[in-house]
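One structure is given here, and the rest of the page talks about it.
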Amino acid sequence: MQNKTFYIKTWGCQMNVYDSDKIKTLLLQHGYSAVEDEKTADVIVLNTCSIRENASEKLFSLLGRIKKTNPNAITIVAGCVAQVESKKITKNTIADIVVGTHMYHKIPQLIAELKEEKLVDIEFKPYEKFDSLPVDQESSTQTGYIAIQEGCNHFCTYCIVPFTRGREYSRPAEDIVAEAKHLISKGKKEIFLLGQNVNCYKTDNDDFADLLYKVAEIPGVERLRYMTSYPSDMTDRAIEAHKNIPNLMPYMHLPAQAGDSDVLKSMNREYTVEEYLEKIDLVYKARPDIAITSDFIVGFPGETEEQFQRTVELVKKVKYASCYSFKYSPRPGTPAEKMEQMPEEIKEKRLAILQATIKEYQQKFNNKFIGKTVHVLVEKVENGQLNGRGEHFQSVFANNEDKSLVGSIVAVKITSAGTNSLTGELV
Ligand code: SF4
């Protein structure tokens with residue numbers, strides 16, 4: 001298929017960005033070229049996310065717009081909303097193909113097979129997907145992203161992921177190592193291991209800690225990172241890896257979700273606050289300077305003021321480097337949707353209080369870097385400024401015009417710190 005164009009719109013998490021990158025690579029390999037505007041594309045791929053509120057409404061309104069602006073395009077809905085709402089999508093929209101989270105590799109084949117009938121493929125076959133998707137990565141970033149596992153067995157009462165991504169599946173370590181070597185050979189400096197729950201990684205021979213050691217020792221892997229982890233799956237060996245592996249970056253995203261054990265129980269999180277704090281202690285012992293980050297949900301059904309205050313206390317105790325925080329909003333089909341919901345005003349008030357505390361600690365964490373030298377993997381140089389990530393994953397800026405520095409690791413002495421970034425001078 002020659003001279004055909006495609007456009008991809010991606011919502012959601014890093015896994016979706018990763019999946020979209022693979023779809024892009026696949027379509028390029030099949031002779032398509034990418035365009036930046038859905039109105040001019042022959043094929044439109046909408047890679048959806050169901051984590052945020054109103055995900056399907058946003059999708060349906062975009063599909064309505066496409067019906068007017070580019071009705072002849074082949075429209076493909078992929079991702080988490082596609083996985084759980086395929087019937088609604090095919091019945092009510094112009095979408096031609098609905099493809100589930102494990103079937104992206106079939107997109108070129110489905111396009112070729114498309115005639116009058118709409119096509120739907122939402123089977124759960126993670127091994128088939130990972131065996132079939134290209135290992136190349138089209139995005140221009142200096143980081144090579146690798147999905148090491150997919151799916152989740154935890155069934156938090158607010159979350160739809162176990163239904164959209166299926167049960168946990170871990171890829172063989174050899175395949176991950178081979179993919180990492182390939183990405184390094186293409187010039188990537190950093191490997192970022194991805195998954196809904198990376199630290200539950202387990203095959204017959206390896207667990208997550210084993211995998212960290214295996215990937216870290218690949219020549220050319222200057223930096224290794226991973227996301228997201230589940231607190232009670234974080235083993236002592238995985239924590240120790242932060243002490244023992246020099247190129248494993250001092251950064252850990254360990255979502256607590258709430259600071260009260262009864263709320264955690266109602267969320268079906270499989271740890272208490274005390275157990276979470278024990279993990280945090282071990283992490284700080286292994287790597288005292290580590291940046292720990294978290295996610296929090298406020299206004300979960302039944303959360304009392306005292307319980308909410310314990311979440312604020314947890315932020316103060318852990319001294320997070322940064323956190324994502326959200327008001328609870330029900331996801332259709334999850335157990336928490338059926339619980340008694342809290343008034344919106346209370347959720348909003350609590351979120352504002354929590355975010356102010358998070359911001360305060362974020363600023364304190366960043367202030368510690370003033371006067372210090374951090375090493376930055378340069379992502380871009382534009383408008384006289386260099387930008388990239390330091391070891392602790394902060395965004396770092398420095399005045400510079402030398403575009404040849406993109407892709408290299410440079411030393412920057414920090415002169416000022418904001419809540420979201422550091423600024424300094426090249427040394
Ligand atoms: S651990 Fe909980 S929040 Fe995370 S993906 Fe699994 S079910 Fe969802």
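Residue numbers run from 1 in the order of the sequence given. Atoms within each ligand, like the ligands themselves, are counted from 1 in listed order. Side chains are part of it too, since the values below use all heavy atoms of this structure and drop only hydrogens, waters and symmetry mates.
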task: Go through ligand 1 atom by atom and flag the ones less than 4.0 Å from a non-hydrogen atom of Tyr158.
output: 3 (S)
task: Number the atoms of ligand 1 from 1 as they appear, then name those within less than 4.0 Å of a heavy atom of Arg269, with their elements.
output: 1 (S), 2 (Fe), 3 (S)
query: Does any pair with a residue in residues 90-103 pass side-chain hydrogen bond (donor to acceptor under 3.5 Å, both in side chains), and if so which ones, sequence neighbours excluded?
result: Gln83-Thr101
- request: For Ala238 and Phe208, work out which heavy atoms get closest and say how close.
  value: CB-CD2, 4.1 Å
- request: Identify the heavy atoms of Pro255 and Thr228 that sit nearest to each other, and give their distance.
  value: CG-CG2, 3.6 Å
task: Determine, using ring centers only, whether Phe393 and His253 are less than 6.0 Å apart.
output: no
message: For the aromatic rings, using the six-membered ring if either is Trp, is the centroid distance between Tyr328 and Phe300 under 6.0 Å?
response: yes
message: Checking Arg237 against Asp210 for the side-chain contact (heavy atoms from CB on, under 4.5 Å) test, could you report, in this order, the C-alpha distance in whole Å, the side-chain angles of both residues, the deciding distance, and whether it holds?
response: CA-CA 9 Å; Arg237 281 186 66 240; Asp210 296 324; 2.8 Å; yes
- request: Look at atom CD of Glu274 and say whether more than 12 heavy atoms of other residues, nucleotides or ligands are closer to it than 6.0 Å.
  value: yes
- request: Tell me the protein N, O or S atoms under 2.8 Å from atom 6 (Fe) of ligand 1, in chain and number order.
  value: Cys152 SG
